[in-house]
Amino acid sequence: MLCALALGAATACGGSKVQVAPPDELYRQATQDFVDGNYGISIATYKYLLDHYPLDPRAEEVELRIAEAHFADGSYAEAIAAFSDFQRMHPTSPRLPEVEFNIGKAYMAQMDTIDRDLNAAANAHARFESVILRYPESEYANRAREELREVREHLAARELYVAEFYLKKGNHAAG
């Protein structure tokens, strides 16, 4: 749909100037694509909106929507990057507890089985603790406590897995 908007805008003009769809139309289309689950198209349209209307009053919300669309699409590394960019660009935003929590959720979504690398679990643990410590009165602090419990269970299961491995090998000191 974004291509159609851009192409239509370029051909409608006929001159050297390229017409850009109005911000309300871009926002409406991107939001509809987001709701319909067309996350890639939604992200492209939101970015197009930001590129052409950087001072739009919805810019902060659009930046969050881009990160949320990456998350919903299962592109967790991109979601983490987009949420982190939001934190850097809006250090006083009232939505920072939500952003930090969502970064933790994105790391948590990358947690693999207990016999695999634990970096995602460790990162999720750190982010949820950060929400609890930095924003103790926010609604996300309680949610972070719940998620932190699950992450800790994952990490503890890993420790148990390792101990059982050494006990099976007869290395009781290591177990």
Checklist entry - Who pairs with Asp73 by salt bridge (charged side-chain N to carboxylate O under 4.0 Å, His left out), at least two apart in sequence or on another chain? => result none
Item to check | His90: partners by side-chain hydrogen bond (donor to acceptor under 3.5 Å, both in side chains), with sequence neighbours left out | outcome: Glu63
Next on the checklist: Once side-chain contact (heavy atoms from CB on, under 4.5 Å) is applied, do any residues pair with Ala124, and if so which ones, sequence neighbours excluded?
Outcome noted: Tyr107, Met108, Phe128, Val151
Item to check | Which residues share a side-chain contact (heavy atoms from CB on, under 4.5 Å) with Thr113, sequence neighbours left out | outcome: Asp115, Arg116
Item to check | Inter- and intrachain pairs under salt bridge (charged side-chain N to carboxylate O under 4.0 Å, His left out), touching residues 76-85, at least two apart | outcome: Asp85-Arg88
Checklist entry - Do Glu146 and Arg149 sit within salt-bridge range, that is, some charged N less than 4.0 Å from a carboxylate O? => result no
Checklist entry - Who are the ring-ring contact (aromatic ring centres under 6.0 Å, His included) partners of Tyr27, not counting sequence neighbours? => result none
Next on the checklist: Quick test of your reading: applying salt bridge (charged side-chain N to carboxylate O under 4.0 Å, His left out), list the pairs with at least one residue in residues 45-58, sequence neighbours left out, ordered by first then second residue.
Outcome noted: Asp24-Arg58, Asp56-Arg58
Item to check | Test salt bridge (charged side-chain N to carboxylate O under 4.0 Å, His left out) applied to Glu68 - qualifying residues, sequence neighbours left out | outcome: Arg65
Checklist entry - Residues two or more places apart in sequence or in another chain: which of them pass salt bridge (charged side-chain N to carboxylate O under 4.0 Å, His left out) with Glu129? => result Arg152
Checklist entry - Taking C-beta and beyond as the side chain, do Asp33 and Tyr46 meet within less than 4.5 Å on heavy atoms? => result no
Under 3.5 Å, which donor-acceptor pairs do the side chains of residues 93-105 form with other protein atoms, sequence neighbours left out?
residue	atom	partner	partner atom	Å
Ser93	OG	Glu60	OE2	2.9
Ser93	OG	Arg95	N	3.1
Arg95	NE	Glu98	OE1	2.9
Arg95	NH2	Glu98	OE1	3.0
Arg95	NH2	Glu98	OE2	3.1
Glu100	OE1	Gln87	NE2	2.5
Glu100	OE1	Arg127	NH1	3.0
Glu100	OE2	Arg127	NH1	3.3
Glu100	OE2	Ser130	OG	3.1
Asn102	ND2	Glu98	O	3.2
Lys105	NZ	Glu147	OE2	3.3

Item to check | With Asp36 via side-chain hydrogen bond (donor to acceptor under 3.5 Å, both in side chains) - residues at least two apart | outcome: Gln32
Next on the checklist: Quick check: Tyr135 with Tyr140 (ring centres under 6.0 Å apart)?
Outcome noted: no
Checklist entry - With sequence neighbours excluded, what pairs up with Tyr53 under the ring-ring contact (aromatic ring centres under 6.0 Å, His included) test? => result none
